[in-house]
Amino acid sequence: MLEEILGKTRKMEELIEYQPDSIVSRIVLKQKEGNVTLFAFWKGQDLSEHTAPFNAIVVGLDGSGTVIIDGKENIVNKGDIIIMLANHPHAVKANGNFKMMLIMIKEI
């Protein structure tokens with residue numbers, strides 16, 4: 001994956017495709033300090049509530065999704081950003097087809 005974008009301009013939303021009734025993920029960069037991962041959610045797909053030991057930034061790339069943090073729903077559309085703190089319960093649900101970039105950074 002890295003070789004596809006290293007030193008090249010690319011549209012992030014074009015680096016991952018939707019698959020019917022599925023969630024597709026693609027790691028862009030993986031390091032011990034954190035990861036950058038692209039997700040493509042088919043309408044209605046979701047990641048159930050969980051916690052992670054990383055601070056995280058979600059960037060909407062296409063469509064619309066709901067990011068639930070500590071029980072509060074937040075709509076994320078293309079171009080929107082939301083920050084989730086480490087160890088806080090969160091979940092993601094696709095309102096329609098939804099692509100997002102997840103940047104996870106290890107808390108020091």
Side-chain angles (χ1 to χ4, degrees):
M1 172 65 189
L2 185 58
E3 57 279 351
E4 289 182 52
I5 59 174
L6 188 60
K8 302 172 189 170
T9 302
R10 297 290 306 267
K11 298 218 179 285
M12 295 298 281
E13 65 270 18
E14 294 175 359
L15 296 175
I16 192 163
E17 298 298 326
Y18 295 112
Q19 290 187 16
D21 303 315
S22 299
I23 300 171
V24 179
S25 65
R26 187 170 189 198
I27 296 172
V28 175
L29 183 64
K30 184 175 181 118
Q31 297 182 326
K32 65 181 179 180
E33 297 85 6
N35 304 321
V36 177
T37 306
L38 302 177
F39 287 87
F41 294 79
W42 194 259
K43 179 181 179 179
Q45 296 295 310
D46 65 345
L47 293 176
S48 60
E49 186 176 73
H50 61 282
T51 60
F54 295 90
N55 290 319
I57 300 169
V58 171
V59 180
L61 301 175
D62 185 50
S64 178
T66 300
V67 175
I68 304 154
I69 305 170
D70 292 325
K72 183 179 179 213
E73 293 189 359
N74 303 273
I75 302 299
V76 177
N77 295 305
K78 181 178 180 175
D80 291 342
I81 183 172
I82 189 165
I83 296 175
M84 302 182 292
L85 295 177
N87 303 308
H88 284 254
H90 57 276
V92 180
K93 180 172 182 175
N95 301 328
N97 287 350
F98 177 54
K99 291 182 183 179
M100 67 179 219
M101 176 173 49
L102 177 66
I103 304 166
M104 296 192 323
I105 303 169
K106 190 173 189 176
E107 192 171 44
I108 302 173

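Values reported hereafter were calculated over all heavy atoms of this structure, with side chains retained and with hydrogens, waters and symmetry mates removed.
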Using atom types as modelled and distance alone, determine if a side-chain donor or acceptor of [X] lies under 3.5 Å from a backbone N or O of [Y].
{"X": "Asp62", "Y": "Phe98", "result": "no"}
{"X": "Asn74", "Y": "Val67", "result": "yes"}
{"X": "Asn55", "Y": "Ala86", "result": "yes"}
{"X": "Lys99", "Y": "Leu61", "result": "no"}
{"X": "Arg26", "Y": "Leu15", "result": "yes"}

Find out whether the Lys NZ or Arg CZ of Lys93 is both under 6.0 angstrom from the six-membered ring centre of Phe41 and within 45° of the ring's axis.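 Cation-pi check for Lys93 and Phe41: fails.
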Would Met12 and Val28 count as a side-chain contact (heavy atoms from CB on, under 4.5 Å) here? Give the steps. CA-CA 10 Å; Met12 295 298 281; Val28 175; 4.3 Å; yes
Give a yes or no on whether [X] and [Y] share a hydrophobic cluster (residues Ile, Leu, Val, Met, Phe, Trp, Tyr; joining criterion: side-chain heavy atoms under 4.5 Å apart).
{"X": "Val36", "Y": "Ile105", "answer": "yes"}
{"X": "Ile23", "Y": "Tyr18", "answer": "no"}
{"X": "Met101", "Y": "Ile83", "answer": "yes"}

When you check the side-chain N and O atoms of Asn77 and Ser64, is any donor under 3.5 Å from an acceptor?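 Yes, Ser64 and Asn77 have a side-chain donor paired with an acceptor closer than 3.5 Å.
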Can you give me the closest heavy-atom contact between [X] and [Y], atom names plus distance?
{"X": "Ala94", "Y": "Trp42", "answer": "CB-O, 3.6 Å"}
{"X": "Ala56", "Y": "Leu102", "answer": "CB-CD1, 3.8 Å"}
{"X": "Lys32", "Y": "Lys106", "answer": "O-CD, 3.7 Å"}

For Val76, the option from Val59, Val92, Ile82 that meets side-chain contact (heavy atoms from CB on, under 4.5 Å):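 With Val76 as partner, side-chain contact (heavy atoms from CB on, under 4.5 Å) holds for just one option, Ile82.
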Of Ile16, Asp80, Val58, Ile81, which is the lone residue that meets side-chain contact (heavy atoms from CB on, under 4.5 Å) with Met100?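 Exactly one candidate clears the test, Val58.
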Point-to-point distance, once rounded to the nearest 0.5 Å, from [atom1] of [X] to [atom2] of [Y]:
{"X": "Asn87", "Y": "Phe54", "atom1": "CG", "atom2": "CZ", "answer": "10.5 Å"}
{"X": "Glu17", "Y": "Leu38", "atom1": "CD", "atom2": "CG", "answer": "11.0 Å"}
{"X": "Asp70", "Y": "His88", "atom1": "CG", "atom2": "NE2", "answer": "5.5 Å"}
{"X": "Ile75", "Y": "Thr66", "atom1": "CD1", "atom2": "OG1", "answer": "3.5 Å"}
{"X": "Asn97", "Y": "Gln45", "atom1": "CG", "atom2": "CD", "answer": "9.5 Å"}
{"X": "Leu29", "Y": "Met104", "atom1": "CG", "atom2": "CE", "answer": "11.5 Å"}

Min side-chain heavy-atom separation His90-Glu49 under 4.5 Å: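 Answer no - side chains too far apart.
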